[in-house]
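This is a predicted model, so every value here is computed, not measured.
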Amino acid sequence: DKGPERPAIFLNFTRDLDGRFVCAQREGGQATALGKWYEGEWCAVDVLLDWEQRVALFRVENEGVAEEGALDGSHAVEVPFKCSASSGCQFLLLYNQTGDFEASWTDIVVA
């Protein structure tokens with residue numbers, strides 16, 4: 001299964017030598033870091049979709065983290081849609097594509 005043809009957003013969690021980040025991909029595959037995530041802690045990702053401007057506004061918040069100047073919950077990050085031709089949200093695909101750690105999705109609210 002190759003997934004949706006025109007996704008509005010593509011969100012992923014990374015873990016490498018530079019740290020642990022929540023990222024969103026832009027059109028063309030360029031990734032934008034939205035915030036950090038921490039081992040064993042809840043990480044909330046809020047997303048507001050602006051269909052007129054074709055952008056998503058992301059806010060990442062971690063349980064018990066209050067670092068001054070950090071990406072975590074201190075501000076929202078605006079990212080253009082992964083595919084500018086997206087015309088609406090038909091479904092939500094949630095994957096765990098990692099082999100060395102597990103990310104699970106809970107408490108998903110669509111309003």
Side-chain angles (χ1 to χ4, degrees):
D1 182 11
K2 65 180 186 171
E5 296 297 325
R6 295 183 310 237
I9 63 171
F10 185 95
L11 185 68
N12 64 303
F13 287 72
T14 65
R15 181 173 79 172
D16 56 31
L17 296 176
D18 294 329
R20 298 174 173 136
F21 296 95
V22 180
C23 299
Q25 286 190 9
R26 299 171 178 254
E27 200 160 16
Q30 179 186 9
T32 299
L34 306 172
K36 295 180 181 180
W37 64 272
Y38 298 90
E39 190 75 39
E41 293 188 11
W42 285 100
C43 176
V45 181
D46 295 329
V47 183
L48 175 65
L49 301 176
D50 184 335
W51 293 102
E52 286 184 21
Q53 299 297 317
R54 299 277 193 250
V55 297
L57 193 62
F58 295 92
R59 183 179 306 276
V60 176
E61 296 183 19
N62 289 281
E63 173 185 64
V65 175
E67 297 178 27
E68 188 174 325
L71 291 173
D72 308 298
S74 61
H75 68 285
V77 179
E78 186 177 282
V79 179
F81 281 178
K82 169 81 169 113
C83 177
S84 59
S86 293
S87 59
C89 185
Q90 297 176 353
F91 49 89
L92 182 64
L93 296 176
L94 305 173
Y95 293 104
N96 184 25
Q97 298 177 317
T98 62
D100 58 346
F101 71 95
E102 182 177 332
S104 59
W105 298 90
T106 63
D107 302 330
I108 298 168
V109 178
V110 178

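A distance of 6.5 Å separates CD of E61 from CZ of R59, quoted to the nearest 0.5 Å. In this structure, CG on L11 lies 12.5 Å from NZ on K82, to the nearest 0.5 angstrom. Atom CD in E27 sits 4.0 Å away from atom OG in S84 (nearest 0.5 Å). The CZ atom of R26 lies 14.0 Å from the CD1 atom of I9; values are rounded to the nearest 0.5 Å. With rounding to the nearest 0.5 Å, the separation of CG in N62 from CH2 in W37 is 10.0 Å. Here OG1 of T14 is found 11.5 Å from NZ of K36. Values are rounded to the nearest 0.5 Å.
Closest of all the heavy-atom pairs between A33 and C23 is CA-SG, 4.1 Å. Here the closest non-hydrogen pair linking E63 and E41 is O-OE1, 2.7 Å. Between A56 and V47, the shortest heavy-atom contact is CB-CG1, 4.2 Å.
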### Message
side chain to side chain contact (heavy atoms under 4.5 Å, CB included) for Q25 and Q30? Distances and angles first, verdict last.
### Response
CA-CA 6 Å; Q25 286 190 9; Q30 179 186 9; over 6 Å; no
### Task
Test side chain to side chain contact (heavy atoms under 4.5 Å, CB included) on V77 and V60 and set out the steps.
CA-CA 9 Å; V77 179; V60 176; over 6 Å; no
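A single hydrophobic cluster is seen to contain both F81 and V45, as judged by linkage of ILVMFWY side chains at heavy-atom distances under 4.5 Å, directly or through other members.
One N or O on the side chain of S86 and one on the backbone of P7 form a donor-acceptor pair closer than 3.5 Å. In this structure, R15 contributes its side chain and F21 its backbone to no donor-acceptor pair below 3.5 Å.
As a member of the Ile/Leu/Val/Met/Phe/Trp/Tyr network built from side-chain separations under 4.5 Å, L57 groups with L48.
F58 places none of its side-chain heavy atoms less than 4.5 Å from the side chain of V22.
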